[in-house]
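Throughout, residue positions are numbered sequentially from 1 according to the sequence presented.
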Amino acid sequence: MNQPLVSCIMPTANRQKYISFALNYFLAQDYPNRELVIIDDGNESIVHLLPDDKRIKYFYTKPLGTIGVKRNFACNKAKGEIIMHWDDDDWYANDWISKQVYFLSNSEADICGIEHTHFFSPVTDTLWMGTAMNRNNPSNPEQWINGATLAYWKSFWLTHPFKDLQTGEDDHFITKSGARVFAHDYIDGFIAVLHSRNTTTKYFENPRHKRQI
């Protein structure tokens, strides 16, 4: 089985309390040929939180600007044929990379990921379940995919880099690039964690809970 190098990119800033979780989810993956590219432009370096593992590539830099700029910076540093987003505050199953490689390689898509997402709030100990979708859902350039679950070929990114946006850079990347998009059904492989520093508040959340974390 072909196992191309996968670069998981993780822009981060001032989220020290989440880093160990993100690292553990990466280190527990069953896909062998992988690297984690961390781009840190926070107030203090997180280098002291990182294990001595050659698969972890860490870059501490002055503030770079928007998340779109940070993603492009990370993609430039990535060595892999496939790039995957690895948010610093979400949960990924141990076979997440393997499944993403399978779907991307076998769908003839430029980008893959999941549309329907599970959300978990540690404050209220509540899990909102996404809805499973048909795996045979046809590729659709307007298909929405959760930005934290994107996997794409680096060759595609080279001709379609992220726009300089603080929010919506992933939506723009999906819908404005002309990409062939495949939304797969492995929704149990990912959980978005809700906390006070999320960039948006979901419609089902109580905004008061944001201030409790």
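Under the 3.5 Å distance criterion, the side-chain polar atoms of K17 are left unmatched by any main-chain donor or acceptor of N14. Of the possible polar contacts, one joining the N72 side chain to the F162 backbone as a donor-acceptor pair under 3.5 Å is found. Without hydrogens or angle criteria, E35 side chain to A78 main chain gives no donor-acceptor distance under 3.5 Å. Judged purely by atom type and a 3.5 angstrom limit, K57 has no side-chain atom pairing as donor or acceptor with the backbone of K77. Judged by distance alone, with hydrogens and angles left aside, the side-chain atoms of D88 form no donor-acceptor pair with the main-chain N or O of T12 at under 3.5 Å. Between the side chain of S105 and the backbone N or O of Y102, no donor-acceptor pair lies under 3.5 Å. Judged by distance alone, with hydrogens and angles left aside, the side-chain atoms of W86 form no donor-acceptor pair with the main-chain N or O of S7 at under 3.5 Å. Under a 3.5 Å cut-off, the side chain of W157 and the backbone N or O of Y152 do not form any donor-acceptor pair. Between the R71 side chain and the T66 main chain, no donor and acceptor come within less than 3.5 Å of each other. A donor-acceptor pair is defined here as one N or O able to donate and one able to accept, closer than 3.5 Å; no such pair exists between the side chain of H172 and the backbone of G168.
Linking ILVMFWY residues whenever their side-chain heavy atoms come closer than 4.5 Å, directly or via other members, leaves I67 and V69 in distinct clusters. F73 and L165 sit in two unconnected hydrophobic clusters of ILVMFWY residues. Membership requires side-chain heavy atoms under 4.5 Å apart, directly or through other members. In this structure, L5 is not a member of the same hydrophobic cluster as I97, with clusters built from ILVMFWY side-chain heavy atoms closer than 4.5 Å.
Counting only heavy atoms from C-beta outward, the side chains of V37 and F59 approach each other to under 4.5 Å. Looking at M84 and V101, their side chains come closer than 4.5 Å, going by heavy atoms from C-beta outward. With contacts defined as side-chain heavy-atom distances shorter than 4.5 Å, the pair D30/D95 qualifies. Looking only at side-chain heavy atoms (C-beta outward), L194 and W128 come within less than 4.5 Å of each other. Two residues are said to be in side-chain contact when any heavy atoms from C-beta on lie closer than 4.5 Å; W91 and F120 fail this criterion. No side-chain heavy atom of W96 sits under 4.5 Å from any side-chain heavy atom of Y31. Residues I111 and F173 are in side-chain contact: their nearest non-hydrogen atoms beyond the backbone lie under 4.5 Å apart.
Residues satisfying the salt bridge (Lys or Arg N to Asp or Glu O under 4.0 Å) criterion with D164, sequence neighbours excluded, are absent altogether.
The local environment of NZ in K163 is sparse, with at most 12 non-hydrogen atoms from other residues, nucleotides or ligands closer than 6.0 Å. Atom OH of Y25 sits in a crowded spot, with more than 12 heavy atoms from other residues, nucleotides or ligands closer than 6.0 Å.
With values rounded to the nearest 0.5 angstrom, D110 atom CG is found 4.5 Å from R180 atom CZ. The line from CG of D40 to CE of M10 is 8.0 Å long, rounded to the nearest 0.5 Å. The structure places CG of D90 at 10.0 Å from OG1 of T149, a figure rounded to the nearest 0.5 Å. The CD1 atom of I82 lies 14.0 Å from the CZ atom of R34; values are rounded to the nearest 0.5 Å. Rounded to the nearest 0.5 Å, atoms NE2 (H118) and CG (L127) are 6.5 Å apart. With values rounded to the nearest 0.5 angstrom, F190 atom CZ is found 6.0 Å from I114 atom CD1.
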Show which side-chain atoms of residues 41-49 pair as donor or acceptor with protein atoms under 3.5 Å away, not counting sequence neighbours.
from: D41; atom 1: OD1; to: K70; atom 2: NZ; distance (Å): 2.7
from: D41; atom 1: OD2; to: L64; atom 2: N; distance (Å): 3.1
from: S45; atom 1: OG; to: V47; atom 2: N; distance (Å): 3.1
from: S45; atom 1: OG; to: Y58; atom 2: OH; distance (Å): 2.8

Evaluate side chain to side chain contact (heavy atoms under 4.5 Å, CB included) for L150 paired with I174, printing each intermediate quantity in order.
CA-CA 9 Å; L150 294 189; I174 296 166; 3.7 Å; yes
Pair W144, D171 - check side chain to side chain contact (heavy atoms under 4.5 Å, CB included), show working. CA-CA 7 Å; W144 184 84; D171 289 339; 3.1 Å; yes
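Here the rule is side-chain hydrogen bond (donor to acceptor under 3.5 Å, both in side chains) with H184, and of K99, E115, Q100 only Q100 fits it. Partner D53 forms a side chain to side chain contact (heavy atoms under 4.5 Å, CB included) with one of L23, L36, L27 and no other, that one being L27.
Of all heavy-atom pairs spanning D170 and G147, the tightest one is OD2-CA, 3.1 Å.
Residues Y92 and H85 place their aromatic rings such that the two centres sit no closer than 6.0 Å.
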